[in-house]
Amino acid sequence: RLRKWQKRIKVSNAAERNLSQALQELERMASNLSIPNDVRETSAVIYRKAVKQNMIRGRSIEGVVAGSIYAACRITNVPRTLDEIASVTRVKKKEIGRTYRIMARYLKLNILPSKPDDYVNRFCSKLRLSMEARKRAEEILKMAIDNDLTSGKGPTGVAAAAIYIASLITGERRTQRAIAEVAGVTEVTIRNRYKELTEKLNLTIEE
Amino acid sequence: MSEMEKITIENIVASTSLAEHLDLSRIALALEGSEYEPEQFPGLIYRLKDPKTAVLIFRSGKVNCTGAKNLENVKKTIDIIIDKLKKAKIEVYDNPDIIVQNIVAVYDLESDLNLTDIAMSLGLENVEYEPEQFPGLVYRVEEPKVVLLLFGSGKVVCTGAKEESEIEQAVIKVKKELQKVGLI
DNA sequence: AGGTTACTTTCGAAAGC
DNA sequence: GCTTTAAAAAGTAACCT
């Protein structure tokens with residue numbers, strides 16, 4: 001009856017309000033991260049799926065939006081780090097990671113583990129490195145993956161070390177500090193990965 | 001069948017009941033070094049040095065024991081608590097049933113693992129591998145119902161088991177699955 | 001550069017918010 | 001869902017010398 005209709009209208013109003021609020025949040029975060037439109041659309045699709053599966057219960061809209069963006073970046077092979085996503089939200093990195101993992105399982109997103117080479121173009125652009133350096137870094141990473149030097153290691157740390165080596169090879173040297181900053185890892189991590197890559201792949205840097 | 005020998009139990013969580021009700025404030029005074037801050041957590045925390053375990057005591061009389069590496073030490077811990085409470089004139093049961101709630105163990109597959117390949121062959125829907133967040137691959141086994149953490153070194157952590165036999169079953173199971181797909 | 005400590009993940013019980 | 005306990009795995013981070 002009338003009560004029932006009022007309730008439905010209220011629910012649908014609330015749902016619509018939440019959805020438009022979420023999509024506004026999504027746009028805000030995405031533009032702060034310079035995420036392209038196709039990836040934003042993928043994020044929105046994922047967010048809508050999460051809503052349909054009642055995944056917002058017990059979670060914040062902001063957290064699910066952040067998780068959707070992280071997932072969409074992963075799916076389109078241009079992953080952003082959890083730190084990058086967290087930098088445009090009040091949601092903590094730990095919570096975004098947790099939400100993302102739950103979404104990936106529950107929504108059956110079947111997302112492959114991220115690989116170091118997915119980060120090369122973005123990090124090299126920020127470092128204004130040449131195409132030659134990117135190519136070198138990708139070659140090094142292919143060897144690293146073929147020799148299984150990456151299991152369990154953070155993809156960004158491995159990518160950072162490969163880029164550091166590539167920058168030395170092409171003579172466009174970037175400091176570990178500069179690379180560490182764009183990759184969001186510490187210089188210690190770059191050194192550790194650098195040591196392992198050069199030793200196990202017998203890489204010689206001098207020219 | 002002696003995979004058992006290569007399994008190291010690292011922690012056992014067990015629970016029991018020592019009484020219908022316990023006055024934690026009184027116990028806090030009886031057990032030197034105990035921590036009781038009901039605002040923060042409803043249980044009283046008490047750590048033993050030998051065996052090196054920790055006990056949580058609740059006002060319902062329920063008690064949890066964590067940190068023991070074998071069942072004897074779980075029993076020893078509970079007996080020590082019972083003894084100390086009795087000496088403080090606090091009435092508690094004598095031989096309470098002890099229920100093992102969780103066992104954490106480590107096993108070594110003795111072979112480096114390519115976690116990305118394992119994630120794909122075990123099926124992305126059964127496994128979680130997010131190296132940016134954690135170096136281990138999380139594998140939820142349905143039967144026995146335990147969770148395995150697989151590392152690149154070949155080390156495996158098993159948690160969620162209530163009996164040692166479940167750990168052995170799970171370990172043999174993954175080993176066979178990895179051998180079948182040639183990843184070990 | 002090292003070294004130490006600490007945090008990430010998994011699990012379960014307990015009582016209460 | 002959170003709070004607290006213990007414990008391992010391996011990687012990364014933070015802080016100190």
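These numbers come from the heavy atoms of this one structure, side chains and all, not from hydrogens, waters or symmetry mates. Source: prediction; values computed, not measured. Every chain is numbered from 1 and lettered A, B, ... according to where its sequence line falls, protein lines coming before strand lines.
Shown for residues 189-199 of chain A: residues whose heavy atoms fall under 4.0 angstrom of DNA chain D, namely A:T189, A:R193. Near DNA chain C, meaning a heavy atom under 4.0 Å from it, residues 86-109 of chain B has B:Q101, B:N102, B:V104 in order of number. Listed in residue order, the members of residues 144-164 of chain A having a heavy atom less than 4.0 Å from DNA chain C come to none. Contacts between residues 107-116 of chain A and DNA chain D, defined by a heavy-atom separation below 4.0 Å, involve no residue at all.
Ion pairing between a basic and an acidic side chain is recognised when a charged N comes within 4.0 Å of a carboxylate O; A:R128 and A:E172 show no such pairing. With respect to B:K155 and B:D112, no salt bridge is recorded, no charged nitrogen being found less than 4.0 Å from a carboxylate O. Taking 4.0 Å as the cut-off between side-chain N and carboxylate O, B:E130 and A:R101 do not count as a salt-bridged pair. Ion pairing between a basic and an acidic side chain is recognised when a charged N comes within 4.0 Å of a carboxylate O; B:E72 and B:K75 show no such pairing. Ion pair A:E199/A:R193 not flagged as a salt bridge, since none of the NZ, NE, NH1 or NH2 atoms sits closer than 4.0 Å to an Asp/Glu carboxylate oxygen. Salt-bridge annotation for A:D83 and A:K93: present, with a side-chain N of the basic residue lying under 4.0 Å from a carboxylate O of the acidic one.
Using modelled atom types, no side-chain atom of B:R140 and backbone atom of B:V146 make a donor-acceptor pair closer than 3.5 Å. B:K62 contributes no side-chain N or O that, together with a main-chain N or O of B:S17, makes up a donor-acceptor pair within less than 3.5 Å. The main-chain N or O of B:V63 is never found under 3.5 Å from a side-chain atom of B:S15 such that the two would form a donor-acceptor pair. With hydrogens and angles ignored, the 3.5 Å screen pairs a side-chain donor or acceptor of A:S167 with a backbone N or O of A:R174. For B:K173 (side chain) and B:E143 (main-chain N/O), a donor-acceptor pair under 3.5 Å exists by modelled atom type.
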Assess whether salt bridge (Lys or Arg N to Asp or Glu O under 4.0 Å) is satisfied between B:E125 and A:K108, documenting all intermediate values. CA-CA 7 Å; B:E125 61 280 354; A:K108 303 185 190 306; over 6 Å; no
B:E166/B:K162 under salt bridge (Lys or Arg N to Asp or Glu O under 4.0 Å): CA gap, chis, key distance, verdict: CA-CA 7 Å; B:E166 296 176 329; B:K162 283 186 159 55; over 6 Å; no
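In this entry the distance linking CG of B:L18 with P of C:dA15 reads 12 Å, nearest Å. Atom CD of B:E166 and atom P of C:dC11 are 14 Å apart (whole Å). We find that CD1 of B:I12 is positioned 22 Å from P of C:dT10, with the value rounded to whole Å. Atom-to-atom, CD1 of B:I9 to C1' of C:dG12 comes out at 15 Å; the value is rounded to the nearest Å. Per the geometry, CD1 belonging to B:I78 stands 14 Å off P belonging to C:dA14, to the nearest Å. One can place CD of B:E163 at 15 Å from P of C:dG12, the figure rounded to the nearest angstrom.
Within the 4.0 angstrom heavy-atom criterion, no nucleotide atom of any strand lies near B:G61. Here B:T53 lies out of heavy-atom contact (under 4.0 Å) with every strand. Within 4.0 Å of B:R47, counting heavy atoms only, lie sugar-phosphate atoms of the nucleic acid but no base atom. Counting non-hydrogen atoms under 4.0 angstrom, B:V146 reaches nothing in the nucleic acid. Nucleic acid contact class of B:V157 (heavy atoms, under 4.0 Å, all strands): base. B:L149 comes within contact range of at least one nucleobase, with a heavy-atom separation under 4.0 Å.
Taking atom P in both C:dT10 and D:dG1, one finds a spacing of 11 Å when rounded to whole Å. Atom name P, nucleotides D:dT4 and C:dC7: the rounded distance is 11 Å, in whole Å. If you take atom P in C:dT9 and the same atom in D:dA14, they sit 16 Å apart, rounded to whole Å. Comparing C:dT8 with D:dT3, their P atoms sit 10 Å apart, to the nearest whole Å.
Nearest heavy atom pair, residue A:N121 against residue A:E138, reads ND2-OE2, 4.1 Å.
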Collect all protein-nucleotide pairs involving nucleotides 4-8 of chain C in which both atoms are nitrogen or oxygen and the distance is under 3.5 Å.
residue, atom, partner, partner atom, Å
C:dT8, OP1, A:K94, NZ, 3.1

For residues 53-65 of chain A, which side-chain N or O atoms pair as donor and acceptor with protein atoms under 3.5 Å away, sequence neighbours left out?
residue, atom, partner, partner atom, Å
A:R59, NE, A:M55, O, 3.0
A:S60, OG, A:G63, N, 2.9
A:E62, OE1, A:R90, NE, 2.7

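Closest to the B:P42 side chain, of the nucleotides D:dA6, C:dT10, C:dA15, is C:dA15. For B:V147, taking side-chain heavy atoms from C-beta onward, the closest of the listed nucleotides C:dG12, D:dA7, C:dC11 is C:dC11.
For B:K145 and B:K62, each mapped to the nucleotide of DNA chain C holding its nearest heavy atom, the one lying further toward the 5' end belongs to B:K145. Sequence order on DNA chain C of the closest nucleotides to B:V138 and B:N64 puts B:V138 first from the 5' end. Checking B:P131 against B:E35, the closest nucleotide of DNA chain D that is more toward the 5' end is the one next to B:E35. Comparing B:K155 and B:I45 by the nucleotide of DNA chain D whose heavy atom lies nearest to each, the residue mapping closer to the 5' end is B:I45.
A close approach under 4.0 Å does not occur between any side-chain nitrogen or oxygen of B:K69 and OP1 or OP2 of D:dA6. An OP1 or OP2 oxygen of D:dT12 is reached within less than 4.0 angstrom by no side-chain nitrogen or oxygen of A:T186. Put simply, A:R57 has no side-chain N or O that comes within less than 4.0 Å of OP1 or OP2 on D:dG1.
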